Each structure stands twice: as structure tokens, then as C-alpha cells.
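Note that the coordinates shown come from a computational prediction; the quantities given were computed from them, not determined experimentally. Throughout, a chain's letter reflects where its sequence line sits, starting with A, and its residues are numbered from 1.
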Amino acid sequence: MPSSETASFIEFKNISKVFDEHFACRDISLKIQRGTVHALVGENGAGKSTLMKILGGLLPATSGTILLSEKIYQPTSAQEAFQNYIAFIHQHFVLADNLTALDNLVLSSSTAGSVLQKKPMQQIRQKAHALLKKFSWTIDLDKVVYKLSIGQQQRLEILKALLQSPEIIIFDEPTAVLTPQEATELLHFILELKTQGKTIILISHKLHEIKKVADNISILRHGELVFTDAANSISVSEIAEKMIGRRLESHQRASGHMTKKVIFQWGNENISLMKGEIFGVAGVEGNGQNELISKMLNELRQQKLSYGDISEDRVRLSVFENLSLTEHMLLKHPHEFVSNGVIQKERLEAATAELLARWDVRPGVVTQPLHELSGGNQQKFIVGRELWNEPKILLAAHPTRGVDLGAQQKIHEALHEYKKLNAVFLVSSDLDEVIGLADRYIVLYKNKIFGPFQKNELNEMQIGLYMAGGVS
Amino acid sequence: MKKAAPIIGLIVGIALACLLALFFRENPLHVLKVLLTSSYNSKFDFGLTLFYTTCLIFSGLAFSIPMKAGLFHIGAEGQIIFSAVVAAYLGHVLPFDTSFSILLLCVLTALAGFLAAYVIALLKLYRQAHEVVVAIMLNFILSAFATWFTINRLQNPNSQNPETHLIQPSFQFLNNDFLKVYFEQSAVSSFFLVAILFCIVLFILEQKTLWGLQIRAYGSNPLAARRLQISDFKILTISLGLAGVCSALVGLTEVLGNTFQFKIGFSPQYGFLGIAVALLARNNFLGIIASAFLMASLHKGASDLDLETKFLTRDFSLILQAIIIFSVASSYYFFNYRFKKKVKLD
């Protein structure tokens, strides 16, 4: 802990943010010291991003004030936050994919002035090179952004922020898209920024990471601050407990039910699924997962096996806007609820209601449009629906993405339960999920398949090497 | 309040129209009187309004069915003209013995409409061509074909106007239609009842059958629909095919029920007015009956302004229609904006 404990750098005073009648943040008072790494944790929708958006000038607070070096600070735009040396590194990169890295830097650092002003190319290039050298990073500034790797894109995003020499840097879920190696590097980098006197606010789900780098931790739950103190005063399991309000079971599960009975043989890809196993696919996203899934679907359809399909992108591939829960149920299982061409409404509604109750989908109104539910409830509904007729094979692609910890646990339990009956094909970019659940797994890197490996055959770092293409 | 939105929009629209009339030195009360009463002046006038209603219901459906599947179908105009000329041709050449021939004529005309619309579906399915571009081009091609065919193959020898032969007298059975007789030989015919029946049947199909649901699902999210193995082929065939059949029914209403021939330019752009009808009804099949009737009354009233006033012309009547449609359509958005609360967190 730094010595100047009394003089807090950023101070939130009774900050509330109300959307319609819903509190996203409720009366949050929080102090952040200069030159520290402050972690902000909480489930999805707990209000951590909202709080940071208020600091970053992207949202106005409904009530309360922010003090910056003991002066009142009320940003109305991201520019204003920038001028106060606050940089926001978003979870989803804000880069123009078709421009070069340098162009992106120039774009973001363009100041007000004549529209026809010459672009300060050389000046920015020099500044960027100086920074790159300082952190011994390599990014080809003349490369088009979409050709850079995800890790490089993130560095570019960070570089963009650092060019403005900010004092406060907000990282929103920075390691979500990185390999373990890249993530470790990033954490080192964050510590290095700290030694240079920068103040860092880190929003994250990954509690072990936070324990490694954070000086202080604040935990939000349902928009309220439930804990704020030094990081070494609390254990990982206590953090998790405070986040969700109850104790969380560790999700490392024993394998066991696996039999040698092959229920799905995929000749072309040399993949076979056995009854009683979860077959995992690890890898950083965008390394051929989606292609593998669609090939798998084709194969399953050709072999006429019954399958459940938890799609890789719920909003894009599974949710029909304005259609109700019952209608979603009917679309997946048409034959069960239609006789003589007429929809059996009562049977359908009863089955849907039962599904909602079993999966604790809230609110449990069967006629409500699916898209009005929260992400976690939508996903629980989809998982329940796909498992409803006990298919031979369950294809589960990123089954817990964008889902809060409570729902995540329920879904993991369900996959584990379900595999006793049949087999699960689990695709996930969350390495913990694959390691925790899968009995066997493959690693994807640039459309190439490595494995299959047995559970516990490799450690996390070895898998990381495969994920990063370090093993050929 | 939200339910009353279109009525408030209608009143505002009519008020705006009257204000505009004032600008043109017409007595707004007189304009109002013409607008509101000309559709119901006589049985004959009312029959004409119902005839317009019939055509607008069918063309409204032709837009609205593909819209359920997320397709913006603006090809009805071409299909209407094409099927009308087909009906006129068949009425001229088909040997008439039994009622079978009438049935055959109807089926073949419907098939013509189906095929004309199906071109759009095929190009979309196999060449990924956008339905709007294909449909708008087909409108020109089909109406040009109809013009060529009328003048070069079917020109009525007893007329200076570009129009076809009358269909054979035995095909003119709707002359004795009870609706037509009741409305003093006006343009209306039993096709009006067919139109209403169509709306009801389609409404039931949409709400109660799997196909209806699948089409709506496809319209809401085609990617997710494909993931559930709902085939593009099926959805496009059903939705665009039915739209083509509805377009063909406009042609049949004209040729079998009104003039008994095809006249070039008979359609006051039914195909495009149908878009307004469908949007006004917010794509609700039952709502289309009401909105088609409203638009038909307006159409009738506005075209009479030309005769009944000193300064207003037929073109001005189009402006009035546009203002009224605009204010009714925008009222939905206005009231939705005011009263709809959306809770959305990141």
C-alpha cells in the first residue's frame, strides 16, 4: 500500500445511475489511490462497466459526484475524460480494421483544428516507436489492422491510449481474448505501468489474475459496492462468494462415467465421441471453431443423429426477436407439438412452463419474448430446450459466454449430468472451462487440430503453447 | 392512448390536408365534405370504394406476406399487370363449356402470378440477388411485356384505346353477381368476399400452423432459422409464391369482375398503394381489411376533388392522400416513442 493513504486520487461519492427505474449503480462511494492497481469485480450486470463508463465520460451519473485530485470532475464526453488524462481500453477493440496500425493511431490522436490539416504521421510514428521500444513490443505500424494478431491488436489499442500520456488507465476485461502467455505478459505490463506511477483500474472476471496484480479490490453486486479493501485481505473463494452472494463450488470435476462405446465417428476429422464423455475444443477464438462447428452440424445431420445445439452466438444464431418462449420451444421440437398440422398449444405451454421451472428461468412467463430476458436466463432456456428431448449428442459452443456465475455453474452442472447419458462436444475459448469439464480435448490453432489429449495430460502452459501456435 | 394512435393520426392528417386546401383558396369545409362523403354518395359510389378495397386488400397481402419472412417485396405491380393480361388472354381463347373452364382460368392466372413472383425467389435462392432490385426491374419487364402483348396480339379491334378484346360473354358471369347487382352495376364483385376470406384464412394459418411460425421466425432471424434447419427454399417459395397469387387476384378482380378486359394503365399503382396499406396495418392480416378500406375511401374521395372543386387537381389529391397516409403511419412511431419504456443494461 502506498504511503499517501489519505490523499485519494479518484473518489466516487454516492454515485448512482438509474436506467428507467432500474438501478445500475446504487450509492457507490469508493476511493482509488494514485499509482495503484485497483480491481473492480462483479458478475455481468453488477454495474462495474457502468461505473467505469461514468468515469470515462460515456455516461452521465444520475446523482453523486466524482472528485479527481480533490476537484469536482463531471465529464460529458470521452474527449473530456481524455483531457483529464483518463484512458479507457475497451473489451471490444475500437479499431478501424481496414486501416494500418499507424492510421489508427493518427485517427485517435487527431486534435480539433482545420479539417484539411496534414496528418501528423511522422510525429506519431516517432512517439509510437518510442513507446514500443520502451515496452519492447513489436507491432508493424504499416500493417493493416485485421492482419495483426488479437494480442497485437490489443497492444495497439493500449498504445493508442498511451499516446495521450494518460494518468489513469481503465482496462475492461483485457485478458478475455488472450492466450495464457499473452495474458501473463499483459499482467506484467500492467505492473510495469504501475511502477511508472500510472493508476490502473482493472475490470475482470478472472479472480486468479486479479489476485496476482491488484493492490486493492472492490466488489460490486447488483449495483452495490459490497467490499473494498486491500487485495491481500481476501481470498479468491471469498471474492467469488461476495460476488454472487453465496458459496461457489469449484468446477473441477472428476471424469469417470466414460465408457469405450463410440456413439459418433467423424471419419474426415479423426474425431470420435464416446458415450459418457465431454469432448472439448480449446483455442483462441477465430482459429477455426466456427468452421468446425458447421462441419460437425453437417455431419450430424447426414448421420441423422439427434443432437442438441447450443450455438456459438446466442443473439445471432438462436434468438428470434419478438418470438415468445413457447414459439422458440416449438421451432426446435416441431414434431412433438404439432398434430394434423395444428399446434397443440396446451401441451406446448405445459412443456415450456415445466422447462422454465426446472431451469429456473426468470421471470417464468411462457408467453414472454425470449429477447426480453437477461442473457443468463436466455442461455439457461436455450440449454434446457436443447436438452429437452435428450439428444444423442450435445453440441455446446461457448455455453457460458456472457452469462453470470450463477447461471454458469448451473450450465456446467447440466453438461456434467448430461454426459452420463450421452456425449457432449464442448467448444469454448475459455480455457478454464475446457480444462475443468472435458474428459478429452483438442486444441485448435489456425484451423489445425492438435490432440486429442487426455484430461491432465498437459498443463495450462503447455496448452497455451498449442493455442499460440508454438508447437508445430 | 396507444390504441387510438392511428385515429388521432388520421384526424391530424385530415386537418393538415384542409389547411393545405386553404392555402389553395379552397374552402376547407367543402374539401372535407368531398373527402368524407364522396365514397358513400350513392350505392354506385360505395360499390366503387369496395372495388378499390378489394384490390388494395390483395395488393396489401402481396406485400405483407413476404414481409413476414423479412422480404421487402415491391414487385406486386408488375405481377398484377402480367396476370391481368394473362387472364384477359385466357378469357379470350379458352374454350368454354363448363364451369371447369372458369376454374382453369383462375388457376392458370394464379399460376402466372406465382411464377412471376417466383422469379424473384429463384434469383435470390440461387444467385443471392437482392429481392428489391429484382422485383423493381421485373415490374418494368412485366408491364412492358403486357403492353407489347396487348397491342400486338390482343388489341381490341373495336377500340382506339390500348386494350384487349373483351373476354368471352360466358366468362362475364360476374355481371349477375349479387354484390354487383346490389350496388347498381358498380365495379365491386364477389371478389370482395374472397379478399376478406383470404385475410382471415391467412391470419389463421399464420397464428396456428407451424409454417406460419417458421415464416415469422425466418423473418425475425434468418441465420437462426437456418440453424434450426428451416429451409430457405421452403420459406421463399411459400411467401413469395403466395404473394404472387395475391397479385394475380388483383388482376382477376379487374378482368373477371370489372371491365372484362385488360386496359393498359388500369391499375392506379395498386402494387405500390398496397405497400402503404400493409404498413398502415402493421402487417396484420386482419388489419389490412380496415386499412385497405380507409385507403380506398381516400382514393375515391381524393379523385373526386378534381371534379368537385375549382382549383384542386388530381395531382393535388395525391398530395392529400400522401399527407394523410404519412400522418397515420407516423402516429405509431410517435406514440410508441412516448409510451414505450425500454430497460436495457450493458
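In Glu390(A), the CD atom is not crowded: 12 or fewer heavy atoms of neighbouring residues, nucleotides or ligands sit closer than 6.0 Å. When the shell of 6.0 Å around CH2 of Trp211(B) is examined, it contains 12 or fewer heavy atoms from other residues, nucleotides or ligands. Atom NZ of Lys345(A) has 12 or fewer heavy atoms from other residues, nucleotides or ligands within 6.0 Å. Counting non-hydrogen atoms of other residues, nucleotides and ligands closer than 6.0 Å to CD of Gln229(B) gives a total above 12.
Counting heavy-atom pairs closer than 4.5 Å to chain B, the top residue among Val342(A), Leu331(A), Leu330(A) is Leu331(A). Comparing Leu223(B), Thr209(B), Leu213(B) by heavy-atom pairs within less than 4.5 Å of chain A, the highest count is held by Leu213(B).
Residue Leu59(A) does not touch chain B at all, counting heavy-atom pairs closer than 4.5 Å. Contacts between Ser318(A) and chain B at a heavy-atom distance below 4.5 Å involve the backbone alone (N, CA, C, O). Both the backbone and the side chain of Ile343(A) come within contact range of chain B, judged by heavy atoms closer than 4.5 Å.
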Could you check Ser16(A) against Asp27(A) for side-chain hydrogen bond (donor to acceptor under 3.5 Å, both in side chains), going step by step and ending with a plain yes or no?
CA-CA 5 Å; Ser16(A) 291; Asp27(A) 199 21; 5.0 Å; no

